[in-house]
Amino acid sequence: MKKLSTILFSILLISNINLFADNANKEKSSEEVTESSLPVMGMISGRVIDSSTGEALSGVTVSLEGTNKVAFTDFDGKFHFQEADLRSAKLNASFISYKNSTATIHGKNSNEDIVLKLKTLY
């Protein structure tokens, strides 16, 4: 009788271990992230210019939508963000007496600058 109970206990223990392993594998597979949903981090740089004159605008506020990242253009109208999700980045530029401008970034790191053109309100 003692042998039988030991065998039954062993079978029960092994089946519980298998169930636990199956549940762990199911949870792991449901938590897997597809590569397309991962952010592609990179640098975004660009210039802000007046749309009618083509002159660089310094002191323009450029923000990265969905984050708290903000950059200000330098004397040449240039700005950059070190770490940004390049798959879904949207830039907003605002400056006193100009209409706000937006640009959406789709793709990977490139050496090309993003040019945001601002129009005067008047």
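Residues: numbered from 1 along the sequence shown.
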- Message: Applying side-chain contact (heavy atoms from CB on, under 4.5 Å) to Leu64 and Lys90, what does each step give before you reach the verdict?
- Response: CA-CA 6 Å; Leu64 197 54; Lys90 188 171 185 179; over 6 Å; no
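- Ring orientation note: the planes of Phe81 and Phe79 are nearly perpendicular, at an angle over 60° on the 30°/60° scale.
- Minimum heavy-atom separation, Glu65 to Asn92: OE1-ND2, 3.2 Å.
- The minimum heavy-atom distance between Ala71 and His80, with the atom names listed, is CB-O, 3.9 Å.
- Shortest non-hydrogen contact noted between Ala56 and Asp76 is CB-O, 3.2 Å.
- Side-chain atoms of Thr73 come within 3.5 Å of backbone atoms of Leu57 as a donor-acceptor pair (strictly under, hydrogens ignored).
- Atoms CD and CD1, from Glu55 and Ile49 in turn, are 10.0 Å apart once rounded to the nearest 0.5 Å.
- To the nearest 0.5 Å, atom CD of residue Gln82 and atom NZ of residue Lys69 are 9.0 Å apart.
- Val70 is not listed as a side-chain neighbour of Val62, based on a closest heavy-atom distance of 4.5 Å or more.
- Asp74 places a side-chain N or O within donor-acceptor distance of the main-chain N or O of Lys78, the cut-off being under 3.5 Å.
- Minimum interatomic distance between Ala93 and Val60 (heavy atoms only, all atoms of both residues): CB-CG1, 4.1 Å.
- Leu91 contributes atom CG, which lies 5.0 Å from atom CD1 of Ile44 (distance to the nearest 0.5 angstrom).
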